[in-house]
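Start at 1 with the first residue, then count along the sequence. As the structure lists them, so they are numbered: ligands from 1, and atoms in each ligand from 1.
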Amino acid sequence: MQNATLSIADIAQSLGPQIDAALDARTQLGDGCPTRLREAMRYSLLSPGKRIRPMLVLLAAGACGGEIEPAMPAACAVEMIHAYSLIHDDLPAMDDDDLRRGRATCHKAFDEATAILAGDALLPLAFEILARQIEPPATAVACCAALAHAVGACNMAGGQADDMEGGSGRGDIKGDKETGRQGDKEFAEDTSFLSLSPCLPVSPSPHISALRLLESIHHRKTGALIRVSLRLGAMVVGANAEQLAALDDYGRRLGLAFQITDDLLDVRSTEVEMGKRVGKDARRMKLTFPAILGLDQSTQHARQLVSEACRAVAGFGPQADGLRTLAQYVLERSL
Ligand code: GRG
């Protein structure tokens with residue numbers, strides 16, 4: 001799987017069907033699960049996403065010299081969390097979207113209550129899979145703790161909360177309505193996203209620029225799940241501290257580059273290409289990288305981050321070729 005000539009198509013062809021089969025097998029829920037709920041969970045989970053996060057799990061395991069099979073439960077767990085977050089993110093109370101992955105969003109295809117429950121059910125299923133299918137038990141516990149922290153109040157859910165407020169609930173950050181460009185106001189800093197340590201109060205430094213605030217939101221909302229995907233893949237194959245640190249460095253930079261690209265695609269791409277509504281950020285005057293830095297500088301920033309991410313995994317040699325290919329894809333993707 002790890003070879004310098006690997007393209008993203010090679011990776012997707014090799015890993016995609018294995019990931020989909022594993023997700024399919026783990027959602028054949030039996031007695032007690034209402035048919036409509038199971039259908040809604042599988043509708044969203046198995047719909048044609050890029051599977052970037054499970055691929056990161058498997059590629060991280062491979063970079064550390066491990067096999068795919070022991071990492072597959074963790075790959076499924078992160079994709080289930082991702083699917084849950086998308087279902088909830090699309091709800092009327094959040095982003096209020098009717099299109100996702102080229103199809104009707106879960107609450108449109110089913111109904112709002114079923115969509116909420118489908119997300120609610122995918123979330124614990126991810127942890128059940130980690131708890132039951134990762135060996136040894138101590139590694140399973142460590143994986144559950146890492147994933148819980150990455151998607152909880154200090155990371156994914158918290159980043160989403162701040163993002164919905166347009167940037168930490170501060171009404172004063174609204175930008176220029178025509179351009180979507182944000183002002184230069186400064187904001188109180190939240191550094192809790194900086195580590196995977198328990199969510200403890202941090203003493204805030206007095207001010208932070210709009211860019212730092214935006215980075216903080218995205219490190220938590222999008223980046224934390226990407227980072228923990230790499231971490232889980234490495235943990236299940238017994239990676240050492242140096243490997244974990246290098247992968248975390250890669251994941252932190254890749255996560256931010258992913259979100260910058262997402263912001264750029266929201267400006268540049270079309271609904272048909274993306275399979276979801278575009279242009280929403282500007283309409284809602286959301287704090288985004290293009291709004292703060294402009295298109296060119298945002299592109300440059302993403303490029304720089306991907307190059308730094310690739311440098312972070314240089315020590316793995318050819319075993320990390322898949323991670324380098326994936327990082328390049330994140331930069332160049334068109335959906
Ligand atoms: C309700 C407690 C509670 C929490 C919800 C909704 C939520 C927490 C978090 C949302 C996080 C979120 C939706 C981040 C967006 C990240 C993003 C850019 C997703 C798109 O990822 P891709 O491009 O999608 O990998 P595909 O479809 O390819 O999988």
Side-chain angles (χ1 to χ4, degrees), residues 8 11-12 15-16 19-20 23 43-57 75-76 78-97 99-107 112-113 115-124 126 147-165 193 199 214 217-229 251 254-267 269 271 273-278 280-281 286 288-289 302 326-327 329-335:
I8 191 67
I11 296 175
L15 298 181
I19 293 166
D20 285 354
L23 291 170
Y43 172 84
S44 291
L45 180 69
L46 302 176
S47 65
K50 297 184 286 298
R51 311 284 187 248
I52 286 176
R53 294 151 193 82
M55 282 181 192
L56 285 171
V57 173
C76 290
V78 298
E79 188 64 15
M80 285 176 183
I81 297 281
H82 176 55
Y84 132 77
S85 79
L86 297 180
I87 294 170
H88 281 197
D89 189 48
D90 290 334
L91 287 168
M94 294 213 189
D95 250 14
D96 193 12
D97 263 308
L99 192 65
R100 169 72 65 185
R101 294 176 170 174
R103 299 178 176 185
T105 47
C106 192
H107 66 278
E112 219 176 300
I116 292 170
L117 290 169
D120 287 346
L122 283 166
L123 176 63
L147 186 60
H149 186 67
V151 304
C154 294
N155 282 296
M156 190 173 82
Q160 172 81 349
D162 278 350
D163 194 30
M164 291 197 62
E165 298 278 354
F193 66 90
C199 180
L214 184 61
I217 289 173
H218 291 312
H219 276 305
R220 288 172 290 145
K221 179 186 149 182
T222 313
L225 186 57
I226 286 177
R227 276 168 86 183
V228 82
S229 298
L254 184 76
L256 199 52
F258 178 90
Q259 187 60 53
I260 296 173
T261 311
D262 211 65
D263 284 359
L264 286 165
L265 288 170
D266 188 68
V267 178
S269 194
E271 274 168 25
E273 279 178 304
M274 293 291 282
K276 63 179 183 182
R277 301 273 175 241
V278 294
K280 290 183 66 171
D281 293 343
K286 277 186 81 169
T288 66
F289 286 93
L326 197 90
Y329 166 71
V330 160
L331 193 61
E332 292 160 4
R333 71 198 174 100
S334 58
L335 81 160

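- Distance alone, capped at 3.5 Å, places no donor-acceptor pair between the His107 side chain and the Ala113 backbone.
- Here is the list of ligand 1 atoms found below 4.0 Å of a heavy atom in Arg333: 23 (O).
- Of all atoms in ligand 1, listed by their number and element, those nearer than 4.0 Å to a heavy atom of Met94 are 1 (C), 6 (C).
- Lys221 has no carboxylate O lying under 4.0 Å from a charged side-chain N of Asp162, or vice versa, which leaves the two without a salt bridge.
- No heavy atom of Arg51 sits closer than 4.0 Å to any atom of ligand 1.
- Around atom 14 (C) of ligand 1, the closest heavy atom drawn from Met164, His218, Lys221, Arg100 belongs to Lys221.
- Between Asp97 and Lys280 there is a salt bridge, with a side-chain nitrogen of the basic residue lying less than 4.0 Å from a carboxylate oxygen of the acidic one.
- The atoms of ligand 1 that sit less than 4.0 Å from any heavy atom of Arg101 are 26 (P), 27 (O), 29 (O).
- Atoms of ligand 1 found under 4.0 Å from any heavy atom of Asp262, numbered from 1 in the order shown, are 18 (C).
- In summary, the atoms of ligand 1 found under 4.0 Å from a heavy atom of His88, numbered by their order in the structure, are 1 (C).
- Partners of Ser85 by side chain to side chain donor-acceptor pair (under 3.5 Å), not counting sequence neighbours: none found.
- Where the criterion is an N or O separation shorter than 3.5 Å, residue side chain and backbone included, Glu79 fails it with respect to ligand 1.
- Closest to atom 20 (C) of ligand 1 among all protein heavy atoms lies His82 CE1, 4.0 Å.
- Residue pairs satisfying the salt bridge (Lys or Arg N to Asp or Glu O under 4.0 Å) criterion with at least one member in residues 254-263, sequence neighbours excluded, are listed as follows: Asp262-Lys276, Asp262-Arg333.
- For Arg53 and Glu79, the salt-bridge test fails: no basic side-chain N is under 4.0 Å from an acidic carboxylate O.
- Of the candidates Gln259, Lys276, Gln160, Met274, the one placing a heavy atom closest to atom 10 (C) of ligand 1 is Gln160.
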